[in-house]
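See below for the structure under consideration.
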Amino acid sequence: MDRPAVTEWTVDHLDELAHDPVMADALGRAELGLVRLPHGTGEAWLAGKYADVTRSTSDARFSRAALLHRDVTRLAPNPIPLHDAVGFADPPEHGRLRRSASRAFTQRRIDRLRPRSIELANRLLDRMERDGAPADLVAALYAPFAMHGMSELMGIPEEDRERVVQWAGRIITSAQPPEASERAKREIEAYFGRLADRRLAEPRDDLLSHLLEGERAGELTREELVAFAVLMQTSGMTAVRRNSSSMAYALLTRPDLWQRLVAEPALLPQAVEELLRWVPHRNAVGQARIATEDVELGGVLVRAGEAVYSSYVAANRDPAVFERPDELDFDRQPNPHLAFGYGPHYCVGAAFARMETQVMLGVLTERFPRLRLAVPREQVPWQRGELIRGPRELPVAW
Ligand code: HEM
C-alpha cells in the first residue's frame, strides 16, 4: 500500500460553526490520510469515518499509554495540557482510575442535581432580565452556570471559584506559551491538594469526597486523585460553557428551530442530542493513540508505533450513518452521535453535561421565547486559537 501525501493541518480560524475542511476530506476519501499539526514532530493518521473512529477508539491495539513520552504531531503547544492520568491510561489500569468518579456520576445522583441546576439557571436569568437587554448570554448564563454547576458538583467553595476559572483558562488553550500553562497547572494542582486535605477531615456529598473514598479503598493515589479532579473541573467547565454557547448561536441563527423548541418543549432531550451531534465541539483533534502492532484500519496498514487521531467531530457528519449530516434535524432518530466519544475513554461527565445542557436550554426557551441576536451574526466574536470552539460573547435581546 502506498503512503498518501501528508496534509498540513494548520488549523486556521474557522468562521462561526463552519465544518473543518480537513475533516470533510477525511470523510470524503476512500482511505485514511496522514496529517501534520502545528506542534510536535512527524505525522499521524487521521480517522474521520464513523466506522474507523469507533474501531480505533475501542480496539486495545491502539494505546493511549504508549503516547506518553512521545512528541507526536499535535494542536496544543503542550503535549499534555494537564497531568491527565486517566486520558493516558489503557484498560485495565484505566478502569481503576475511573471507578471512583463513576460512582459519583450515577444517573440517580445526576437526577438529584437537576432541581438545583434549574434554580441556578433561573437565578442567573433573573439577573439578566433585571439588567435588561441587550445582554451577553455567555457572561450572563453559560459561563457562570458551567462554573458554579461544576464547582458545586466538585465541592469548590464559592469564594475560590473565580481563581479556578482563571487557572483553567490558562491551561485549556493552545494560545499560551507552555510555561504559562505549566505554572497554572502547578498552582491549580496545589490548590486541589489543599482542598482534598480539608475534605478528608470533613467529607461531604461531593465529587471530591467520592474520589477520596476511592483513595481510601486503594483505587487511586493522592496524586492521581488531584490530577483527575483538576482534569474534570477544568475540562468540564470549559466544555459545557463553550458547547452550550455554540448551541445557542446555532438556534438563534435558525429562528425556525428556536421557535419549534419554544412550541414543543417535550422535544428538548432529542433536540439536545441533535445539537450535540451537529456542533463542532473542538478544533482539530484531541489526543492521539499509538498502534502497538501493525493494524489494518480504514484501508491502510497502520504500522506499530505510528500515531492515529480519531475525530468524533468528523464522524458525527458521516453520511454513511447520518442522512443529510450537515442538517440540524430535531426529528433525527436514532442518533448514535459520538459527541462524548467512544470506547473506554468515553466522556466521564457525559450524563452530567447532558443534564446541564438540557436545563440551560429548557429554562432559556421557557423564559425568553422571543430571544434573538442583538447584533448581525457576523459581529459575534469567536474564540481564536483555542482547543474548544465557541462564541466568546453572544449579545442577545428579547
Ligand atoms: C458538552 C460537554 C462535553 C463534551 C462535548 C465532552 C466531550 C468529551 C469527549 C469527546 C471525550 C472523549 C475523548 C477521548 O476519546 O479521549 C471526553 C472525555 C472526558 N471528559 Fe468530557 N465532554 C463534555 C463535558 C464534560 C464534563 C462536564 C466533564 C466533567 C465532569 C468532562 C470530563 C471528561 C473527562 C475527565 C474525560 C476523559 C475521560 C477518559 O479519558 O477516560 N467532560 N469528553
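Just so you know, these numbers come straight off a predicted model, no measurement behind them. Counting convention: from 1, in listed order, for ligands and their atoms alike.
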Which of the atoms of ligand 1 are close to Arg64, meaning less than 4.0 Å from one of its heavy atoms?
14 (C), 15 (O), 16 (O)

Within less than 4.0 angstrom of ligand 1, does Thr57 place any heavy atom?
no

Shortest protein heavy-atom distance from atom 34 (C) of ligand 1, along with the residue and atom involved
Val348 CG1, 3.6 Å

Tell me, which protein residue and heavy-atom name are nearest atom 11 (C) of ligand 1, and how many Å apart are they?
Phe340 O, 3.8 Å

Quick test of your reading of the structure: of Gly341, Ala89, Cys347, whose heavy atom lies closest to atom 17 (C) of ligand 1?
Cys347

Under 3.5 Å: donor-acceptor pair, side chain of Glu306, backbone of Arg303:
yes

Between His281 and ligand 1, find which residue part has any heavy-atom pair under 4.0 Å and reply side chain, backbone, both or neither.
side chain

Which residue holds the protein heavy atom closest to atom 12 (C) of ligand 1, what is that atom called, and what is the gap in Å?
His345 O, 3.5 Å

Nearest 0.5 Å please: distance from the CG atom of Asp318 over to the CG atom of Leu338.
9.5 Å

Answer yes or no: is there a donor N or O on one side and an acceptor on the other, between the side chain of Arg204 and the main chain of Asp206, under 3.5 Å?
no

Could you pull out, from Gly236, Ser310, Gly286, Ala101, the option with a heavy atom nearest to atom 28 (C) of ligand 1?
Gly236

Looking only at distance, does Arg98 have an N or O less than 3.5 Å from an N or O of ligand 1?
yes

Using a strict cut-off of 4.0 Å, indicate which atoms of ligand 1 neighbour a heavy atom of Gly87.
40 (O)

N/O separation below 3.5 Å, Thr357 to ligand 1
no

Determine whether Met128 and Leu141 make a side-chain contact, defined as any pair of heavy atoms from C-beta on separated by less than 4.5 Å.
no

Ligand 1 N/O within reach of Tyr342 N/O, cut-off under 3.5 Å:
no

Give, for atom OH of Tyr309 and atom CG of Leu32, the distance between the pair rounded to the nearest 0.5 Å.
14.5 Å

Is the ring pair Trp167/Tyr191 parallel, tilted or perpendicular, if the boundaries are 30 and 60 degrees?
tilted

Within 4.0 Å of some non-hydrogen atom of Ala353, the atoms of ligand 1 are 2 (C), 24 (C)

Taking the six-membered ring for Trp, are His345 and His94 parallel (under 30°), tilted (30 to 60°) or perpendicular (over 60°)?
tilted

Quick one: which of Asp25, Asp20, Thr73, Asn283 gives a side-chain hydrogen bond (donor to acceptor under 3.5 Å, both in side chains) with Trp9?
Asp20

Per-atom contacts, ligand 1 versus Met150 - under 4.0 Å to a heavy atom
30 (C)

Ligand 1 N/O within reach of Arg289 N/O, cut-off under 3.5 Å:
yes

Counting from 1 in the order shown, the ligand 1 atoms closer than 4.0 Å to a non-hydrogen atom of Asn243 are 1 (C), 5 (C)

For Phe322, does the six-membered ring have the charged nitrogen or CZ of Arg277 within the cation-pi criterion, i.e. under 6.0 angstrom from the centroid and within 45° of the normal?
yes

N/O donor-acceptor pair under 3.5 Å between Arg74 side chain and Ala76 backbone
yes

Please assess Trp45 against Ser56 for the test side chain to side chain contact (heavy atoms under 4.5 Å, CB included), listing each intermediate value before the final yes or no.
CA-CA 11 Å; Trp45 295 102; Ser56 55; over 6 Å; no

For His94, counting its heavy atoms only, list the atoms of ligand 1 lying under 4.0 Å from any of them.
39 (C), 41 (O)

By number and element, which atoms of ligand 1 are closer than 4.0 Å to a non-hydrogen atom of Ala339?
5 (C), 7 (C), 10 (C)

For Met232, counting its heavy atoms only, list the atoms of ligand 1 lying under 4.0 Å from any of them.
29 (C), 35 (C)

Judged on heavy-atom distance to atom 13 (C) of ligand 1, which of Phe352, Tyr312, Phe105, Tyr346 sits nearest?
Tyr312

Sidechain N-carboxylate O distance under 4.0 Å for Arg61, Asp294:
no

